[in-house]
2 protein chains.
Amino acid sequence: MAEAALPESAAEASRPREDRGHSQSVRAQLALRELLLSGEIAPGSRLSELAIVERIGVSRTPVRAALTMLAEEGLVEPIPSGGFAARAFSEQDVRDSIELRGTLEGLAARLAAERGIGALAAQTLRDLLARLDEVVAGPLGAPDVFERYIALNAEWHRQVTGLAGSRVVERQIERVMALPFASPSAFVMAQAQTEEARRILTLAQDQHHAVVEAILQREGARAEALMREHSRLAGRNLANAARSRQAMAQVPGGALIRLRPA
Amino acid sequence: MAEAALPESAAEASRPREDRGHSQSVRAQLALRELLLSGEIAPGSRLSELAIVERIGVSRTPVRAALTMLAEEGLVEPIPSGGFAARAFSEQDVRDSIELRGTLEGLAARLAAERGIGALAAQTLRDLLARLDEVVAGPLGAPDVFERYIALNAEWHRQVTGLAGSRVVERQIERVMALPFASPSAFVMAQAQTEEARRILTLAQDQHHAVVEAILQREGARAEALMREHSRLAGRNLANAARSRQAMAQVPGGALIRLRPA
DNA sequence: TATCTTCCTGTTGTATACAGAATGAACACA
DNA sequence: TGTGTTCATTCTGTATACAACAGGAAGATA
């Protein structure tokens with residue numbers, strides 16, 4: 001193709017910034033995921049490799065690689081006769097994914113508590129809590145407040161899953177979170193508009209504190225139970241968001257969710 | 001290559017039976033997994049695509065596909081500079097994998113209990129239990145007794161994870177069990193030789209009964225706790241097997257496990 | 001008009017060629 | 001003898017050609 005013949009630097013410069021430095025496969029994966037999550041590719045529809053090639057401008061080989069990766073992630077499913085189709089999710093699937101995340105994060109929290117964490121990790125957690133406190137207590141009307149919360153929240157969850165000290169567990173949690181609506185912050189933006197926002201953030205943040213306390217005091221069972229319950233907050237938010245199409249549009253991957261399927 | 005030019009039937013006939021009807025990619029995946037699990041490819045070593053091509057007789061494309069699949073499974077890990085390496089596992093990794101399976105199976109059992117199962121499914125479970133009872137109570141010296149136990153045990157676990165009625169959860173459990181030493185029957189053969197075999201099988205089978213009872217009586221928390229504890233039997237068996245090189249050889253994927261790493 | 005057959009188009013699975021990058025060996029030099 | 005450098009080899013990532021296959025439309029026949 002034409003682009004491949006360009007000198008490397010020119011080709012790089014002409015690409016979207018986020019794609020720089022990535023291999024074609026990664027590029028294809030990112031682009032395809034974007035197309036899927038935004039709903040531009042309708043859930044259920046077949047994904048023709050050639051069509052994707054034209055759309056994202058890399059050859060079939062990396063597209064194919066991207067498709068198998070996305071199939072592993074679960075965003076795409078293999079068709080028996082060959083090829084892949086964009087996957088649709090039921091509300092129950094979302095609910096189960098959240099429960100799954102809660103269970104695995106609960107495991108991670110319990111392991112962290114049982115095995116103990118170092119002083120440095122403890123301080124990192126406390127710092128994160130303090131910064132989250134600021135955001136939650138501050139004015140919610142300020143710009144980017146929720147984006148800031150999401151970033152800090154994601155970091156907190158990453159920390160806790162990392163503290164288990166188990167590659168195996170960490171990997172598995174990453175897998176679950178590959179489904180974007182299963183992520184800890186999936187429903188934050190959907191709630192941001194509601195008047196309940198502050199209440200929910202307050203509850204979540206209190207749970208954050210409690211989990212850290214439990215981990216520091218080596219209370220494994222408590223850490224686990226709290227972490228599970230924490231995930232159920234997302235479940236509640238899902239129930240609320242499901243009532244409004246507008247709210248669902250704020251949820252990452254919301255376009256893939258078929259509400260009240262037959 | 002030569003083989004590709006052969007008429008389909010001849011090529012098929014000349015292949016090992018297990019490979020019939022599969023695509024080249026699946027063939028490569030099976031063959032590679034076998035090479036990895038048997039330890040023929042040393043853990044930690046780099047996997048040259050060309051070397052694999054020569055070894056299993058399919059071209060680079062399906063080999064590459066197989067490698068990415070195995071990377072998702074976790075048997076192989078990507079090298080930063082490109083390519084893949086056979087992965088080695090620590091005893092802790094195995095322990096964590098077992099804990100992970102227990103946690104997820106516990107979730108499945110709880111969901112099954114909470115959501116309830118149909119009469120048909122209940123009967124299937126009872127039948128399986130009865131057949132397992134026979135094996136466990138019978139003479140353990142008879143040929144293939146343990147193979148039979150493994151098959152029935154695997155089926156029982158498959159049933160329970162299926163009863164949760166959640167694709168998402170089921171998929172995740174499949175992922176964990178892709179690591180062969182995490183499977184419910186991983187350490188059965190290693191224990192088969194010991195005098196403790198009957199005791200362990202008896203304990204496991206009692207837990208099977210208890211889990212089914214809990215599910216049928218809709219006791220979610222109990223089903224979950226039992227299922228977790230059930231998985232810890234494997235953890236105990238691991239501790240025993242780890243003491244003997246001969247016992248480890250009986251464990252599927254045992255060759256990948258680096259005991260007492262530095 | 002309904003149904004079966006045939007053929008054609010589009011699609012995937014596979015093999016392979018090529019370019020750029022990485023790795024390791026050989027060699028020069030301190 | 002140890003160290004830094006250069007070069008050749010090997011490898012991966014990507015593009016593309018080709019063949020088998022699936023699915024569907026058009027046409028023939030009852």
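Note on naming: letters A, B, ... go to the chains in the order of the sequence lines (proteins, then strands), and numbering restarts at 1 for each one.
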Find the distance B:Arg64:CZ to D:dT14:P and express it as a whole number of Å. 7 Å
Go through the steps to decide whether A:Val160 and A:Glu105 satisfy the test side chain to side chain contact (heavy atoms under 4.5 Å, CB included), and finish with yes or no. CA-CA 8 Å; A:Val160 171; A:Glu105 287 187 333; 6.0 Å; no
Which nucleotide in C:dG13, D:dG13, D:dC11 has an atom nearest any side-chain atom of B:Ser23: C:dG13
So which heavy atom on A:Phe187 is nearest to which on A:Phe181, and how close? CE1-O, 3.6 Å
Compare side-chain N and O positions of B:Ser81 against OP1 and OP2 of C:dT23 and report whether any pair is under 4.0 Å apart. yes
In terms of side-chain heavy atoms of A:Pro62, which of C:dT11, D:dT14, C:dT16 is nearest? D:dT14
Could you tell me how far apart A:Leu50 (CG) and D:dA17 (P) are, to the nearest whole angstrom? 12 Å
Please list, by residue number, the residues of residues 66-80 of chain A whose heavy atoms come closer than 4.0 Å to an atom of DNA chain C; answer none if no residue qualifies. none
Begin from the C-alpha positions of B:Arg167 and B:Glu170 and carry the test salt bridge (charged side-chain N to carboxylate O under 4.0 Å, His left out) through to its verdict. CA-CA 5 Å; B:Arg167 287 187 298 171; B:Glu170 206 169 352; over 6 Å; no
Residue mapping more 5' on DNA chain C - nearest nucleotide basis, A:Gly83 or B:Arg60: A:Gly83
Which whole-number value in Å describes the distance from B:Glu54 CD to D:dT10 P? 12 Å
Would you check, one step at a time, whether the test side chain to side chain contact (heavy atoms under 4.5 Å, CB included) holds for B:Glu91 with B:Arg95? CA-CA 6 Å; B:Glu91 194 176 334; B:Arg95 217 176 287 287; 2.6 Å; yes
When rounded to whole Å, the CZ to C1' distance for the pair A:Arg46 and C:dT12 reads 8 Å
Any B:Ser25 side-chain N or O less than 4.0 Å from OP1/OP2 of C:dT14: yes
Between B:Ser90 (side chain) and B:Asp93 (backbone), is there a donor-acceptor pair under 3.5 Å? yes
Whole-Å distance between D:dC21 C1' and B:Gln24 CD? 15 Å
Has A:Thr124 got a side-chain atom pairing as donor or acceptor with A:Leu120's backbone, closer than 3.5 angstrom? yes
If I take atom CD1 in residue A:Ile52 and atom P in nucleotide C:dT12, what distance separates them, rounded to the nearest angstrom? 8 Å
Out of D:dC11, C:dG13, D:dA15, which has the shortest distance to the side chain of A:Ser59? D:dA15
Do the side-chain N or O atoms of B:Thr61 get closer than 4.0 angstrom to the phosphate oxygens (OP1, OP2) of C:dT14? no
May I have the distance from A:Arg27 (atom CZ) to D:dG13 (atom P), rounded to whole angstrom? 14 Å
Is there a side chain to side chain contact (heavy atoms under 4.5 Å, CB included) between B:Leu125 and B:Leu163 once you walk through the steps? CA-CA 10 Å; B:Leu125 277 181; B:Leu163 288 179; 3.5 Å; yes
Roughly, in whole Å, what's the span from CD in B:Glu49 to P in C:dT23? 15 Å
